[in-house]
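The structure displayed is predicted, hence computed values, not measured ones.
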Amino acid sequence: DFFPLEYNELWVTVPVSLRGRRYMYPLLMLLDDDVAEVAGQDVMGCPKKLANLTYTFSPKPGPNSKVFLDVSRRGRQVVQISGRITDRSQGLAFGVNDHRDPVRRKDLRADRDDR
């Protein structure tokens, strides 16, 4: 029987260009599941490493709640991030929630506007 993996993962990426196209290249992927780590490394060649990822919401997940992310690896803190969940949707941002080539997106929008 197949079972889905459930785990947390944080990517550290840098923007790169190849043959005129822009991409996000993963330098490091921190995650909290050893099966996903091994599968990512051995099958996909991804730079995955085990870490402790802790999400905390105050008071609970939802609009206007605070969110905290604490990431540590081998007993050393890697990063702490805090923010607030809003009730409005955000636009797409290359490298954050949109990994398509921004130049190509612009071309697609122009093609669509010409119709």
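Residues meeting the side chain to side chain contact (heavy atoms under 4.5 Å, CB included) test with Arg84, sequence neighbours left out: Asn64, Lys66.
The closest side-chain heavy-atom distance from Asn8 to Leu10 is not below 4.5 Å. For the pair Tyr25 and Thr13, the minimum side-chain heavy-atom distance is 4.5 Å or more. At a threshold of 4.5 Å between non-hydrogen side-chain atoms, the residues Val35 and Tyr7 do not count as touching. Counting heavy atoms from C-beta on, the side chains of Val14 and Leu27 come closer than 4.5 Å. You'll find the side chain of Lys60 stays beyond 4.5 Å of the side chain of Ser65, heavy atoms only.
More than 12 non-hydrogen atoms from other residues, nucleotides or ligands lie less than 6.0 angstrom from CD of Gln77.
Connection of Tyr55 to Ile81 is established within a shared hydrophobic cluster, with ILVMFWY side chains joined at heavy-atom distances below 4.5 Å, either directly or through further cluster members. Under a hydrophobic-cluster definition in which Ile, Leu, Val, Met, Phe, Trp and Tyr are linked whenever side-chain heavy atoms come within less than 4.5 Å, directly or via other members, Val79 and Trp11 are assigned to different clusters. Under a hydrophobic clustering in which Ile, Leu, Val, Met, Phe, Trp and Tyr are joined whenever their side-chain heavy atoms come within less than 4.5 Å, directly or via other members, Val78 and Leu53 fall into the same cluster. Under a hydrophobic clustering in which Ile, Leu, Val, Met, Phe, Trp and Tyr are joined whenever their side-chain heavy atoms come within less than 4.5 Å, directly or via other members, Val38 and Leu28 fall into different clusters.
Between Ser82 atom OG and Asp70 atom CG the span is 11.0 Å, to the nearest 0.5 Å. Atom OH of Tyr23 and atom OG of Ser17 lie 9.5 Å apart (nearest 0.5 Å).
A side-chain contact (heavy atoms from CB on, under 4.5 Å) with Cys46 holds for exactly one of Glu37, Met29, Gln41; it is Met29.
Counting all heavy atoms, side chain and backbone alike, Lys48 lies closest to Ala36 at CD-O, 3.7 Å. Between Arg73 and Leu50 the shortest heavy-atom distance is NH1-O, 2.8 Å.
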